[in-house]
Protein chains: 2
Amino acid sequence: MEDGTSKAPGYCTGTDDDLARQWDVRADCDVRHILDRVADKWSLLVIALLDRRTMRFTELRRAVDGVSQRMLTVTLRQLERDGLVHRTVYPVVPPRVEYELTPLGMSLHEVIKSLVIWTEEHQQEISTARSAFDLRTAEEEHQLQAMAR
Amino acid sequence: MEDGTSKAPGYCTGTDDDLARQWDVRADCDVRHILDRVADKWSLLVIALLDRRTMRFTELRRAVDGVSQRMLTVTLRQLERDGLVHRTVYPVVPPRVEYELTPLGMSLHEVIKSLVIWTEEHQQEISTARSAFDLRTAEEEHQLQAMAR
DNA sequence: CAGTATCCCTTTTGATACTG
DNA sequence: CAGTATCAAAAGGGATACTG
């Protein structure tokens, strides 16, 4: 926690390092910290779901298959902290809390969507590649066992 | 290991569930398995680096700041298995192994690039949001402590 | 309902040592 | 050089119990 905010570990965009191929890959780089968040398993799902409409906590919990209450809470807090999701608490009993994407969150969703679409479009290719790889691996293992005899 | 290949846990794209908002979020979904891989910290960095040119193992190790030898090996194997990276072993001593993106990997890089660009473009906004959030949080805590007295 | 707090287990990761 | 193997440390994440 408390990372990437006050530390300001040096700007990473447009460094004039001669080795800056296209973007900085330093471990303490802001871009990498943000990327870690943005590329998070649950974050991705939550943002995708909230793109459609405002949702309540329990509603999200049911929609995101496999998420625990704890992880959903943690994820939502991070997204709120990053300014990607807005949280509204209605002072009623029982409590009512609604989550929605901020404009920043919406713009991120556009990018995430393209990632999801790519995945859907190429899932068959990847499956095939995996099978081929596993087959090759199994064969090689077989070869080694044959040589041992 | 060995996941997402033989199991074939049911197609996830274009399910006719009435709750299929835009894409399936089931935990055992192929898309989610692939997404977990693709959205991986090290995978992203490796793919970004290999976009420029073919690289050797140690070269990558030095370029990806903070990666351990073990994690780089694991990451490269996964990428190879998924058909995103091609591995060429030259039978010489000392060994020479080169990694390069496959066409599939190159197409993924396009998407990843847009994610990285988004991150770079919005890193300031996120930083600001984080500071504001932390300030709010600290204030609330302060209020609570004041009430306790 | 929408959390927070706690315990505890599992997975991930890093450090180290060894090898073709 | 490019790994593999092993072990220990740490993070991630689940189950449960409790609260405004």
Side-chain angles (χ1 to χ4, degrees), chain A residues 1-3 27-28 32-33 36-37 39-46 49-50 54-81 85-100 137 140-141 143-144 147-148, chain B residues 1-4 27-28 32-33 36-37 39-46 50 54-81 85-100 137 140-141 143-144 147-148:
Chain A
M1 256 170 265
E2 302 294 307
D3 58 291
D28 61 353
R32 272 187 50 182
H33 280 128
D36 285 349
R37 174 75 28 88
D40 175 70
K41 178 180 178 175
W42 301 125
S43 298
L44 240 51
L45 292 169
V46 167
L49 283 168
L50 286 182
T54 292
M55 289 179 87
R56 297 180 59 178
F57 185 85
T58 306
E59 205 176 359
L60 273 169
R61 186 161 162 33
R62 268 189 292 265
V64 181
D65 185 32
V67 75
S68 67
Q69 186 172 34
R70 187 176 162 284
M71 285 320 294
L72 183 56
T73 302
V74 170
T75 301
L76 286 169
R77 284 293 170 288
Q78 289 176 340
L79 293 176
E80 191 194 356
R81 179 170 183 256
V85 159
H86 182 72
R87 177 167 172 264
T88 312
V89 183
Y90 297 92
V92 296
V93 285
R96 178 184 185 86
V97 179
E98 289 191 343
Y99 293 92
E100 63 186 319
T137 303
E140 278 161 26
E141 229 167 90
Q143 294 285 318
L144 288 175
M147 291 178 71
Chain B
M1 259 170 262
E2 300 295 303
D3 57 291
D28 60 354
R32 271 188 50 182
H33 280 128
D36 285 350
R37 173 75 31 88
D40 175 70
K41 178 181 177 174
W42 301 125
S43 298
L44 283 173
L45 292 169
V46 168
L50 286 181
T54 294
M55 288 178 88
R56 297 181 60 176
F57 184 86
T58 306
E59 204 175 0
L60 273 169
R61 184 158 161 40
R62 268 189 292 265
V64 182
D65 186 32
V67 75
S68 66
Q69 186 171 35
R70 190 177 158 284
M71 285 318 294
L72 182 57
T73 302
V74 170
T75 302
L76 286 169
R77 284 295 169 286
Q78 289 175 340
L79 293 176
E80 190 192 356
R81 180 170 183 255
V85 159
H86 182 71
R87 176 168 173 264
T88 312
V89 184
Y90 296 93
V92 296
V93 284
R96 179 185 185 87
V97 179
E98 289 190 343
Y99 294 92
E100 62 186 320
T137 304
E140 278 161 25
E141 228 167 272
Q143 294 284 319
L144 288 175
M147 292 177 71

Measuring from atom [atom1] of [X] to atom [atom2] of [Y], what distance do you get when rounded to the nearest 0.5 angstrom?
X      : Y     : atom1 : atom2 : result
B/E98  : B/F57 : CD    : CZ    : 14.0 Å
A/E100 : A/T88 : CD    : OG1   : 5.0 Å
B/D40  : B/L79 : CG    : CG    : 8.0 Å
A/R81  : A/R87 : CZ    : CZ    : 15.5 Å
A/R56  : A/R61 : CZ    : CZ    : 14.5 Å

When you measure from the side-chain N and O atoms of [X] to the phosphate of [N], is any distance below 4.0 Å, counting only OP1 and OP2?
X     : N     : result
A/R77 : C/dG3 : yes
A/Y99 : C/dG3 : yes
A/R62 : C/dA2 : no
A/R61 : C/dA2 : no

Rounded to whole Å, please give me the gap between [atom1] in [X] and [atom2] in [N].
X     : N      : atom1 : atom2 : value
B/L72 : C/dG14 : CG    : P     : 11 Å
A/M71 : C/dT11 : CE    : C1'   : 13 Å
B/R96 : D/dA2  : CZ    : P     : 8 Å
B/D40 : D/dG12 : CG    : C1'   : 14 Å
A/L76 : C/dG3  : CG    : P     : 7 Å
B/D36 : C/dT11 : CG    : P     : 15 Å
A/L60 : C/dC1  : CG    : P     : 14 Å
A/R70 : D/dA17 : CZ    : P     : 17 Å

Are any non-hydrogen side-chain atoms of A/L50 and A/L60 less than 4.5 angstrom apart?
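Result yes, sub-4.5 Å side-chain heavy-atom pair found.
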
For Watson-Crick and G-U wobble pairs within 3.5 Å on both distances, what is DNA chain C written in dot-bracket notation, | included for inter-strand pairing?
||||||||||||||||||||

Of the non-hydrogen atoms in A/W42 and A/T75, which two are nearest, and what is the gap between them?
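For A/W42 versus A/T75, the nearest heavy atoms are CB-OG1, 3.5 Å.
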
Which nucleotide in [options] has an atom nearest any side-chain atom of [X]:
X     : options              : result
B/R87 : D/dG3, C/dC1, D/dG14 : D/dG3
B/S68 : C/dG14, D/dG3, C/dG3 : C/dG14
B/F57 : D/dG3, C/dA2, D/dC1  : D/dG3
A/T58 : C/dT4, D/dC1, C/dA2  : C/dA2

Where each residue is assigned the nucleotide of DNA chain D containing its nearest heavy atom, which of B/Q69 and A/V67 is assigned the position nearer the 5′ end?
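The answer here is B/Q69.
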
